[in-house]
Each structure stands twice: as structure tokens, then as C-alpha cells.
Number of protein chains: 2
Amino acid sequence: MASGARSALTREAVLEAAAALVRRHGPDALTMRALAADLGTAVTSIYWHVGGREALLDALVERTVAELGEIRPSGRTPEQRVVGVARELRRQLRDHPHLVALVHERGLTERMFLPAQRVLVREAHAAGLRGARAAEFVRAVQFQVVGHVLVERNRERAPVQQPGERELWGSQAAGDDPALARALARPVDTERLFVTAVRALVRSLLARPSRLPTRAPDSVA
Amino acid sequence: MASGARSALTREAVLEAAAALVRRHGPDALTMRALAADLGTAVTSIYWHVGGREALLDALVERTVAELGEIRPSGRTPEQRVVGVARELRRQLRDHPHLVALVHERGLTERMFLPAQRVLVREAHAAGLRGARAAEFVRAVQFQVVGHVLVERNRERAPVQQPGERELWGSQAAGDDPALARALARPVDTERLFVTAVRALVRSLLARPSRLPTRAPDSVA
DNA sequence: ACCTGAACACCGTTCAAGT
DNA sequence: ACCTGAACACCGTTCAAGT
């Protein structure tokens, strides 16, 4: 399964093959031996070019994070633009499910979010937030988005839950609110829930200060 | 290191030893061989009592989740009580960091939150939310709390980040807002951030409907 | 400078054999 | 019914040896 196995082995080639392996079969499939087989080399050659498995994963994460696209805010109010940024970021993370797994496994969740921080800072300023307040806003949105994606990913991977919401809320259980029981027994519409939650958070945090007139940010890089 | 190795091996004894191992040295230390050594038995005996590693982890998660304490809401308004519930839940999860890792790894994040759902439903009702609205509220809080804890856990485990916030916001970088740059260069006060975010979310979601007079829930089990 | 195979110290799991 | 050791098919990593 090696593609072009005749040229000399390169750090780039190793990372490329590793990325392909993860993309197709998930992070667990990335073993040094399988990777070497794909490359048509000895296992130990990988160690010379990129170091051990830890270093390989580090490089892989860095590489894939760099590939994430730009985030361009659009919308009339800061609230609309921030919700848009959050949705775009969520979409990007969902498009790279294995990357999210890798990043989380390696404790680099924060790294994943750095590209979006600048954009959010600009929106915070546009909404009249400054200093520590603006920083708090940026981080609240960051934790919200990344946390939601992690929980989502986890749910999708989860098998049938034993005493799940289904059974728990299936019968009466909810007292005098059958509509609630039905809603909790249904699977979650995560997209909708995400937008609702982000909008609620943003609305509260942006509403607190002096309420300056809302204008577009200086420039959209 | 076996404690009472003379009596017959029990499913309970195996789970107890496994829990102790995870508590002391983390989930990675839970290998079938290490566990057998702790118990003073052959590795294969474990298979007879609890099945393979997957089944062992399942049982362990179930066991530890059941050990989580009750959650008793307190406070005058639904907002105060929900924030209190969220803080209590976060504290419980933080007290069992390895459990959170196990649960997340096995895709059972949802399971972790079931005990708190009933409490939140009661508060939603007390705040005047009903039906699908109440369900959405419960799930928004659920995703928020669990997501936040996951991100937090991840950050604590993370080593020194290479192009971290520190370097990124260390110099000018933030244009004309040095206070913001300083704030983002500092480590996050996660407790504070958590409360701020949950309160913002809850306030928005509870403010939407008809605003019925706020009364305490019927009974606090 | 680059690549190799052999070897080491680990894994989880199966299985036939004991009592 | 319960427990055992041997064996299998995997891991990541090291290291001396090649060119």
C-alpha cells in the first residue's frame, strides 16, 4: 500500500502517510509498524526522521491544525458574528473528527483554538468589551465551543447506553410534563442545541457593559 | 501489594483492586497483568470473573458513577440553584479526574450526567419552563458543564504549549488593549470562568419565557 | 547521513489442562 | 465452578551493525 516507495524517505513523507492512516482508520490504527509497512521501510527508519510515537503525534497535530481554514466573521451585529464564528469553528472541528481525538488525547485542546482567538478579540472590541472583560468573553466562548464539540464527539462514539435517557424518560417519570419527557427521550439535535447555547452565552456576556452602539470591526483580514 | 490475598477471588474484589489502581496511578496503569499481580492471582482468573478489559472498564465506570454523591440545590432563585448544581457537579467530577478520563474514553459522558438531570428538570419547572423548552435548557446546561470539565482536564494535563497564549499575547499583538493582552497571557481562572459562563447561559435561557414568579421546587429529595 | 534486523520488555486474549 | 501456565499475536523502543 506504499505510494511511491522508491524515493528516499522524508520527514514529510512519514507525516503524510501517518495523516492518511489516521484519516482512514482512526488514531488507534497509527502504529509504528503499520506506518512502516505503508511506507515500505523498516520501523526504525521512522525513529531517525521524526522520533518516537509521541513526537510523531505532536508533528501530526501541528500539521493538521495549520490546515484548518480561515475563519471569516459575517453578520450585522457582534452577536451574529460571534455565533457565526462559533458555528464555523465547530464545523471545522467536526470535519476532522480524528484530529479532535488526537488533540484531546495529547492535551492540546487549547492549541486548537488559537486561530480563532484573534477573531473573537476583534468582535469583543466591536461590542464595547475591553481588558479583562474582553478576555473573559473570549475564553468563555472558547471553552463553550471546544467543550461542546468534545461532548458531541463522545456521544457519537458512545454505544447504546444502558440506563439511557431513552429508558429513563420513556415512561411517566417527568411528573406532569409529558412533552418534556418526550423531548428528553428523543435524540439531541446537537446543531440546534449548540446555536442556542452559544447565542444565550454571547447575549448575556455582551449585554453586561455599557452597551455602546454596535459597529462592524475595523477590518476583516 | 495484595490486600487479603487468601480468600477466594470475587468479582467485587477485582473491581475494588482495579478502582484502587486507577485512583492511584491513572487509567493507563490498569493492565490485566498489573491487576493480577495486585490480586495475587493469575491473569486469566480475571477473565473468568469480570471478562476482558472492556467489560472491566464498563463495570468500573458504572461502579464509580454510582458512588457520586447526591446533588442538593440551594439558593433563593432558580438561577442561583442551577448555578449551584452546576458547581457541585463540576466539583464531583473534578474529585474523580481519572473517572472522567475513563468515562470520556469509553464514550459514556452522557451516563455521567444522568443523576443531575432530574434536579435540573425540577429547576426548569420552577422557573416556568416546560416541555421542549425545559428539555433544551437541561441539555444546554449538561453540555456546558461536562464540556467545561473536559476542556479543563485537558488543559491541566497539557504540557507547555509551544506557540501558547503566553507567547502569542505576550508582546503588543492585541493592538490598543494592553489590559486584554495581559489577561490572555495569564493562566485561566477556571472556577471563575465556569461560574461566569454557566450564569450567563442560565440567565439567558431562563429569561426567555413568560417570567412567572419564582418559587422553590416542590421538594428537595 | 541514513537504513536495517534482532532483541527487549511490554500488552490483551485464547485455550487446553488442571482441581 | 474456579484457577492455572503456556502460547499467540500484537505493541513501542533501543542498539549494534551495516552502507
Side-chain angles (χ1 to χ4, degrees), chain A residues 1-22 24-62 98 101-102 105-108 157 159, chain B residues 1-22 24-62 98 101-102 105-108 157 159:
Chain A
M1 228 170 260
S3 52
R6 42 206 45 161
S7 67
L9 194 56
T10 311
R11 181 186 157 88
E12 248 341 280
V14 173
L15 293 183
E16 182 63 40
L21 231 168
V22 170
R24 278 200 296 267
H25 305 106
D28 287 350
L30 179 57
T31 71
M32 304 302 270
R33 283 173 161 89
L35 183 53
D38 274 13
L39 288 164
T41 60
V43 192
T44 41
S45 299
I46 300 170
Y47 283 80
W48 199 92
H49 284 284
V50 299
R53 189 165 191 267
E54 294 289 280
L56 175 60
L57 290 177
D58 279 338
L60 210 55
V61 164
E62 204 60 35
H98 296 319
L102 270 185
E105 188 185 325
R106 303 198 53 66
L108 297 172
R157 207 172 25 140
Chain B
M1 225 171 267
S3 52
R6 43 205 44 157
S7 66
L9 193 56
T10 311
R11 181 188 158 87
E12 246 344 277
V14 174
L15 292 183
E16 183 63 40
L21 232 168
V22 169
R24 277 200 297 267
H25 304 105
D28 287 349
L30 178 57
T31 71
M32 304 303 270
R33 284 174 161 88
L35 182 53
D38 275 13
L39 289 164
T41 60
V43 192
T44 41
S45 299
I46 300 171
Y47 283 81
W48 200 92
H49 284 284
V50 299
R53 190 165 191 268
E54 294 290 282
L56 175 59
L57 290 177
D58 279 339
L60 210 55
V61 164
E62 206 60 34
H98 297 319
L102 272 184
E105 188 185 324
R106 303 199 53 67
L108 297 172
R157 207 175 23 142

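Protein chains get the first letters and strands the later ones, always in sequence-line order, with residue 1 at the start of each.
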Integer-rounded Å distance: [N] [atom2] and [X] [atom1]:
{"X": "Leu39(A)", "N": "dT4(C)", "atom1": "CG", "atom2": "P", "result": "10 Å"}
{"X": "Met32(B)", "N": "dC3(D)", "atom1": "CE", "atom2": "P", "result": "14 Å"}
{"X": "Leu35(A)", "N": "dC11(D)", "atom1": "CG", "atom2": "P", "result": "12 Å"}
{"X": "Asp28(A)", "N": "dG12(D)", "atom1": "CG", "atom2": "C1'", "result": "15 Å"}
{"X": "Leu30(A)", "N": "dC11(D)", "atom1": "CG", "atom2": "C1'", "result": "13 Å"}

Locate the shortest heavy-atom distance separating [X] from [Y]; write the atom from each residue and the value.
{"X": "Ala29(A)", "Y": "Ala34(A)", "value": "O-CB, 4.0 Å"}
{"X": "Ala19(B)", "Y": "Leu60(B)", "value": "N-CD1, 3.8 Å"}
{"X": "Ile46(B)", "Y": "Ala36(B)", "value": "CD1-N, 3.8 Å"}

Any side-chain heavy-atom pair of Leu30(B) and Arg53(B) under 4.5 Å: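 Of all side-chain heavy-atom pairs linking Arg53(B) with Leu30(B), at least one is under 4.5 Å.
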Q: State the CD-NE2 distance between Glu12(A) and His49(A), to the nearest 0.5 angstrom.
A: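 Rounded to the nearest 0.5 Å, the CD-NE2 separation comes out at 12.0 Å.
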- So how far is it from Glu16(B) CD to Arg11(B) CZ, rounded to the nearest 0.5 Å?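 So the CD of Glu16(B) and the CZ of Arg11(B) are separated by 13.5 Å.
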Check: Only one of Leu21(B), Val50(B), Val43(B), Val22(B) forms a side chain to side chain contact (heavy atoms under 4.5 Å, CB included) with Leu35(B), so which one is it?
Finding: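 Only match with Leu35(B) under side chain to side chain contact (heavy atoms under 4.5 Å, CB included): Leu21(B).
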Donor-acceptor under 3.5 Å (Thr10(A) side chain, Ala13(A) main chain) =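 Looks like no, no N/O pair under 3.5 Å.
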With side-chain contact (heavy atoms from CB on, under 4.5 Å) as the criterion, how do Thr41(B) and Val14(B) come out once you've worked through the C-alpha distance, each side chain's angles and the decisive distance to 0.1 Å?
CA-CA 10 Å; Thr41(B) 60; Val14(B) 174; over 6 Å; no
Are any protein N/O atoms closer than 3.5 Å to N/O atoms in nucleotides 5-8 of chain D? If there are, list each pair with its distance.
from	atom 1	to	atom 2	distance (Å)
dG5(D)	O6	Thr44(B)	OG1	3.0

side-chain contact (heavy atoms from CB on, under 4.5 Å) between Thr44(A) and Met32(A): does it pass, once the steps are laid out?
CA-CA 9 Å; Thr44(A) 41; Met32(A) 304 302 270; over 6 Å; no
- Taking only side-chain nitrogens and oxygens of Thr31(B), does any of them come within less than 4.0 Å of OP1 or OP2 of dC10(C)?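 So the side chain of Thr31(B) is outside the cut-off, no N or O lying under 4.0 Å from OP1 or OP2 of dC10(C).
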Dot-bracket for DNA chain C, 5' to 3', Watson-Crick and G-U pairs with both distances under 3.5 Å, [ ] for crossing pairs, | for partner on another strand, reads ||.|||||...|||||.||
Got a sec? Which of residues 46-61 of chain A come in under 4.0 Å of DNA chain D, heavy atoms?
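Within residues 46-61 of chain A, the residues near DNA chain D are Tyr47(A), Gly52(A), Arg53(A).
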